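Notes follow the structure.
In this text the structure is predicted, and so the values were computed from the model without any measurement.
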Amino acid sequence: MEATLLGLVGTINSYLSNYVLVFLLVGAGLFFTIRTRGIQFRRFGEGMRRMFGNFSLRGDKSKSGMTSFQALATAVAAQVGTGNIVGACGALLVGGPGAIFWMWLIAILGMATNYAEAVLAQKTRKIDPDGTVHGGPVYYITAAFTGAFGKFLAGFFAVAIILALGFMGCMVQSNSIAETVNNAFGIPTWVVGLVVVVLAGFVFLGGVSRLASVTEKLVPIMAVIYIVAGICVLVVNWQNVGPALALIFQSAFNPAAEVGGATFGIIAALSQGAKRGLFSNEAGMGSTPHAHAMANVSNPHEQGTMAMIGVFIDTIVVVSITALVIVSTLFVGDGALAQDFNGALAGGLSKTNLAQTAFGTMMGADGGNIFVAVCLFMFAFSTILGWNLFAKINVQYLFPRHKKAAVTVFSVLALGFIFLGSLASNDLVWELADLFNQLMVLPNVIALVAMSGAVVATANQFGGSERAKDADGDAEGRTE
């Protein structure tokens with residue numbers, strides 16, 4: 001039964017990622033890049049200044065939304081997860097080093113898409129009388145399309161994101177945590193699953209303020225630790241960094257690129273780059289707008305520039321570190337995959353231990369296992385927190401009259417899925433997560449394009465000059 005389901009879901013995913021997803025992601029990225037006159041390039045410096053200017057490990061605790069940095073940290077917490085380690089490893093093994101190039105390209109274009117998502121999330125967010133903030137794609141979908149069609153698209157998105165992130169996505173995260181911790185410490189996967197459930201439940205019970213407080217501390221710490229360690233590996237292995245970069249570009253365009261006896265085609269590289277790129281940085285997927293909607297900023301453009309930096313950190317920085325460490329140690333020179341690709345896979349290399357093996361070339365086998373297990377635990381756990389919040393917002397949207405009861409039921413089920421993820425088949429979990437992730441893209445991108453005029457107006461009003469104009473209050477057209 002499981003094998004049959006895996007084959008069916010895999011076939012659907014292949015069609016979506018090879019055709020529909022590539023078209024939508026690249027198309028939306030190009031569309032918003034052109035319409036905003038390259039906002040991700042023009043306003044990149046502004047986004048970086050805002051990030052460092054708002055940086056804090058002890059931000060405000062408020063029932064009404066989050067600080068701008070807390071919103072970014074929550075978004076990055078959701079973005080930087082297993083996709084940055086296990087997902088990148090899977091892309092390398094299936095699509096070859098060239099898949100990383102396409103992940104980079106989609107991320108660069110996706111920065112403009114993420115800007116649009118954050119701007120629209122700010123413009124259409126709602127604030128309850130008690131100060132609780134609600135925002136995300138369901139709100140700009142219904143703003144873009146009034147009537148039954150808009151309600152259908154919003155409902156479709158809400159169901160898809162609950163399944164994709166609240167249930168299947170969190171299974172992926174806990175599955176990866178359990179496997180890597182088991183590899184490093186020999187702890188049974190079910191024990192790891194229970195620990196994750198307890199920790200996640202503690203944060204879930206604390207609401208938005210506790211989640212924001214955790215992510216604003218966890219995200220910077222985990223990113224710095226991983227990046228510094230990756231740079232150390234590259235410095236030690238400096239002679240292979242140039243060949244590694246060359247192989248990434250060569251494999252992206254050469255249909256006969258061969259590594260260790262294995263041949264990777266352009267289609268495989270492109271589809272894996274698109275699929276894993278979406279799972280990694282989530283630009284266009286409709287997840288991170290939930291966090292950016294909660295930011296207390298003077299105008300939507302400010303949070304839009306912060307959102308762009310989230311994509312940059314996720315893929316251009318963290319994924320690149322993972323990819324360069326792996327390619328420079330295993331794909332070139334005397335690396336195991338460079339010598340005998342299929343033999344290395346038969347010998348036990350897989351997407352769940354590839355990064356551990358690569359870091360182990362400098363840290364030793366045990367050191368590599370432990371380091372990646374600890375980093376992946378932080379990455380994946382932070383993603384579980386962010387995704388649970390995003391799914392919860394959509395549960396509240398679907399059950400407006402019974403919010404508390406619906407959220408309680410959802411939270412219990414979500415914790416159950418987190419535990420099951422530590423026991424389930426890795427391949428099936430990933431395929432199901434990919435399926436629902438890709439289904440989320442459809443209504444989200446349709447609404448983004450339909451509301452593009454509002455995005456362009458904001459980009460022109462606040463991001464047209466060298467310095468964004470100061471604004472008193474919210475941008476015109478923003479509803480609360």
Requested in this report: Would you confirm whether N13, through its side chain, and E431, through its main-chain N or O, come within 3.5 Å as a donor-acceptor pair?
Outcome: yes
Can a donor-acceptor pair be found, under 3.5 Å and without considering hydrogens, that links the side chain of N369 to the backbone of Q356? no
- N237 side-chain N/O to V325 backbone N/O, donor-acceptor pair under 3.5 Å: no
Q. Got a donor-acceptor contact below 3.5 angstrom from the N175 side chain to the G421 backbone?
A. yes
Rounding to 0.5 Å, atoms CD1 (I326) and SG (C89) come to a distance of 3.5 Å
Scanning both residues in full, the closest heavy-atom pair of A323 with L92 reads CA-CD1, 4.4 Å
Nearest heavy-atom approach of V445 to G284 is CG2-O, 3.8 Å
OG of S328 to CG of L247, rounded to nearest 0.5 Å, is 11.0 Å
message = Counting C-beta onward and ignoring hydrogens, is there a side-chain heavy-atom pair between F312 and M308 closer than 4.5 Å?
response = no
Check: With distance as the sole test, does E117 use its side chain to make a donor-acceptor pair with the main-chain N or O of G286 at under 3.5 Å?
Finding: yes
**Asked** Any side-chain heavy-atom pair from Y397 and T142 closer than 4.5 angstrom?
**Response** yes
Check your understanding: Can we call the ring centroids of Y140 and F145 under 6.0 Å apart?
Key -> no
Worksheet item: Aromatic rings F377 and F381: how do their planes relate, parallel, tilted or perpendicular, breaks at 30° and 60°?
Response: parallel
Report task. Flag the pair M362 / T329 as yes when at least one side-chain heavy-atom distance between them is below 4.5 Å, and no otherwise. Result -> no
For a side-chain contact (heavy atoms from CB on, under 4.5 Å) check, start with the C-alpha distance between L30 and L109, then their side-chain angles and the critical distance, and finish with the verdict. CA-CA 6 Å; L30 283 171; L109 295 175; 3.9 Å; yes
Let me see the working for F204 and L389 under side-chain contact (heavy atoms from CB on, under 4.5 Å), right down to the final yes or no. CA-CA 8 Å; F204 293 170; L389 172 65; over 6 Å; no
With no hydrogens and no angle check, is any side-chain donor or acceptor of R50 less than 3.5 Å from a backbone partner on G45?
no
Heavy-atom nearest pair, A447 first then I141, reads CB-CG1, 3.5 Å
Is the centre of the F101 ring less than 6.0 Å from the centre of the F249 ring? yes
Exam field: side chain T305 to backbone E302, donor-acceptor pair closer than 3.5 Å: yes
Notebook entry, point to check: What is the ring orientation for F462 with H301, classed by angle as parallel under 30°, tilted 30 to 60°, or perpendicular over 60°?
Noted result: parallel
Whether the side chain of Q122 engages the backbone of A295 through a donor-acceptor N/O pair (distance < 3.5 Å, no angle test) should be reported. yes
- Decide yes or no for L120 and P289: does some side-chain heavy atom of the first lie under 4.5 Å from some side-chain heavy atom of the second? no
Here the gap from F32 atom CZ to R37 atom CZ, rounded to the nearest 0.5 Å, amounts to 15.0 Å
Correct closest heavy-atom pair for A71 and A291 would be CB-O, 3.4 Å
In terms of ring plane angle, is the pair H134 and Y139 parallel, tilted or perpendicular, where the classes change at 30° and 60°? tilted
Close side-chain approach of V138 to L398, heavy-atom, < 4.5 Å: no
The reported gap from CD in Q40 to CG in N114 (rounded to nearest 0.5 angstrom) is 11.0 Å
Between I108 and I316, is a side-chain contact (heavy atoms from CB on, under 4.5 Å) present by the stated rule, with each step listed? CA-CA 8 Å; I108 291 172; I316 306 302; 4.2 Å; yes
Taking the six-membered ring for Trp and the full ring for Phe, Tyr or His, determine whether the centres of F379 and Y226 are under 6.0 Å apart. yes
Between the CE atom in M440 and the CZ atom in F390, the distance rounded to the nearest 0.5 Å is 9.5 Å
Side-chain touch P137/H290, heavy atoms, less than 4.5 angstrom: yes
For W102 together with F253, are the ring centres under 6.0 Å from each other?
yes
Ion pair present between E46 and R49, side-chain N to carboxylate O less than 4.0 angstrom?
-> no
Do L330 and T357 come within less than 4.5 Å of each other through their side chains, counting heavy atoms only? yes
Taking every heavy atom of I225 against every heavy atom of C375, the minimum-distance pair comes out as CG2-SG, 4.4 Å
Check against side-chain hydrogen bond (donor to acceptor under 3.5 Å, both in side chains), S320 and W104 = CA-CA 8 Å; S320 295; W104 289 340; 2.8 Å; yes
* Residues M285, N437; criterion side-chain contact (heavy atoms from CB on, under 4.5 Å); working and verdict -> CA-CA 7 Å; M285 195 166 82; N437 283 339; 3.7 Å; yes
The reported gap from CG in L165 to CD in Q173 (rounded to nearest 0.5 angstrom) is 9.5 Å
Tightest non-hydrogen contact, residues I321 and G230, listed as CG2-CA, 3.7 Å
Quiz prompt | Test item: R125 side-chain N/O and A293 main-chain N/O as donor-acceptor pair under 3.5 Å | solution = yes
So side-chain hydrogen bond (donor to acceptor under 3.5 Å, both in side chains) across residues 87-101, not counting sequence neighbours, yields none
